[in-house]
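A short write-up of the structure that comes next.
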Protein chains: 2
Amino acid sequence: MTLRYFALGLLAQQPMSGYDMKQFLENLDWLISTPSFGSLYPNLHALLKDELVTVNVMRNGDNPPRKVYSITDAGHEALQDWINEPFDPDASLRGFLMRLMLANNLSRADLIDCLQQRRSQVAAHQLQLKEEKFSIDNEEDDSSALSKSLAHEYGLAVAKAELAWLDRKLQELSSTTRH
Amino acid sequence: MTLRYFALGLLAQQPMSGYDMKQFLENLDWLISTPSFGSLYPNLHALLKDELVTVNVMRNGDNPPRKVYSITDAGHEALQDWINEPFDPDASLRGFLMRLMLANNLSRADLIDCLQQRRSQVAAHQLQLKEEKFSIDNEEDDSSALSKSLAHEYGLAVAKAELAWLDRKLQELSSTTRH
DNA sequence: GGCGCCATGTAAACCGTTACATGATTCA
DNA sequence: TGAATCATGTAACGGTTTACATGGCGCC
């Protein structure tokens, strides 16, 4: 369900074909490993069937015709619904980044909401990590303490950086006048 | 294939039942969303069939008997092989954290290797991000620049924190005398 | 009386990847 | 000659979640 709406969100930025979309996503390979055509095309077909997008078949010389998809009004609504529903804390970073990439579709208030949602998730995360790390460090007998500690330390370092970024961004958003 | 070896790695720390394992993983839910019984049990069955683990069925009063799994010598070998083979850059943070959690099974040198592998991946990541961000910031015409920038900034903040942690840890490991 | 814990297990559904097919064109 | 780009699509396979089943015991 996540690729479906992410694709829809990309179409909200601008109409494009499945091939275009793949190209585009390959450039941001670092976050969300690029979906394959095998999942991309069927997802676009499904969006079409549900009338969240329309196609415009453009002949392309000798090459196979390009099918350029555009989002419909129903599509915009569906996208809003998806963006506004709270995202899984466990799908975590990836799910959040997807939403960040679709931030154009958000009002300033909704964007702030989104960041705050993430903030509270990461903060909860961090608290749990701290507690666990404390109890691990105090069971000196445990031979596996090293590895547990390592992962926890890493998690804490990342959480700290995330929180710092989120706080900075939230402050920027609340202080700057509207674009 | 990743749950298979992660489960094996946990059994290398100490013998446990499938139920125990789930409990244990639920506590570290923050990193690796806990696998369900539906995938956990079949994986354990497969490990057993391949003779990488053995079972010890312990009757448990009126409750269903507990099946406590222990790793075999062949299991230890298989685990080493898996740990030593390079991990996917795209499975990324999660795959790396799994290995960190199994750090007990690594020699100091192998642990350093593992961290360095991650370091170079994250550094490559970061470089790509910086380049992309640069080109995005310079196409002022693009209406979707905001969202693209946001995701990139976030990625960079996390990458920076990861690199800092990795460097610190690598230094600790190289300076400290062996445990 | 219903819910949750203990503890195992299986089948169906889900969503993704891998690998294939088409077919013309351009580059080494 | 062989490979890559363009552009779409389908089928098989893989691993996971979801949802179910069993069955006794304790809690409110």
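Residue numbers start from 1 in every chain, and the chains themselves are labelled A, B, ... in the order their sequence lines are given, proteins ahead of strands. All values reported here derive from a predicted model rather than from experimental measurement.
- Counting only heavy atoms from C-beta outward, the side chains of A:P15 and A:N56 never approach each other to under 4.5 Å.
- The 12-atom threshold is not exceeded at CD of A:E51, counting heavy atoms of other residues, nucleotides or ligands nearer than 6.0 Å.
- Looking at B:D20 and B:K67, no side-chain N of the basic residue comes within less than 4.0 Å of a carboxylate O on the acidic one, giving no salt bridge.
- With D:dT8, D:dT16, D:dG9 as the choices, the nucleotide that has an atom nearest any side-chain atom of A:K67 turns out to be D:dG9.
- When distances are taken from the side chain of A:Y19 to each of D:dG23, D:dG9, D:dC6, the shortest belongs to D:dC6.
- When each of C:dC6, D:dC6, D:dG9 is scored by its nearest atom to the side-chain atoms of B:Q23, the top-ranked nucleotide is C:dC6.
- Residue B:S17 places at least one side-chain N or O under 4.0 Å from the OP1 or OP2 atom of C:dT8.
- Between A:Y69 and B:L3, the residue whose closest nucleotide on DNA chain D is further toward the 5' end is A:Y69.
- In this structure, B:R99 is positioned above the aromatic face of B:W82, its NZ or CZ under 6.0 Å from the six-membered ring centre and within 45° of the axis.
- Here the closest non-hydrogen pair linking B:L163 and B:R119 is CD2-O, 3.8 Å.
- Counting heavy atoms of neighbouring residues, nucleotides and ligands inside a 6.0 Å radius, atom CD of A:E85 exceeds 12 of them.
- A:L8 approaches A:A78 most closely through the heavy-atom pair CD2-CB, 4.4 Å.
- Of the possible polar contacts, none joining the A:R66 side chain to the A:S17 backbone as a donor-acceptor pair under 3.5 Å is found.
- Sorted by residue number, the members of residues 36-43 of chain B with any non-hydrogen atom under 4.0 Å from DNA chain C read B:F37, B:G38, B:Y41.
- Here the C1' atom of nucleotide D:dT16 and the NE2 atom of B:H45 are 15 Å apart, to the nearest Å.
- Straight-line distance from the NZ atom of B:K22 to the P atom of C:dG9: 15 Å, rounded to whole Å.
- In this model, the phosphate group of D:dG15 is not approached by any side-chain N or O of B:T2 to a distance below 4.0 Å at OP1 or OP2.
- Computed from C1' positions of five pairs at each end, the angle between the two local axes of the helix from C:dG1-D:dC28 to C:dA28-D:dT1 equals 30°, rounded to 10 degrees.
- A donor-acceptor contact shorter than 3.5 Å is absent between the side chain of B:S39 and the backbone of B:P35.
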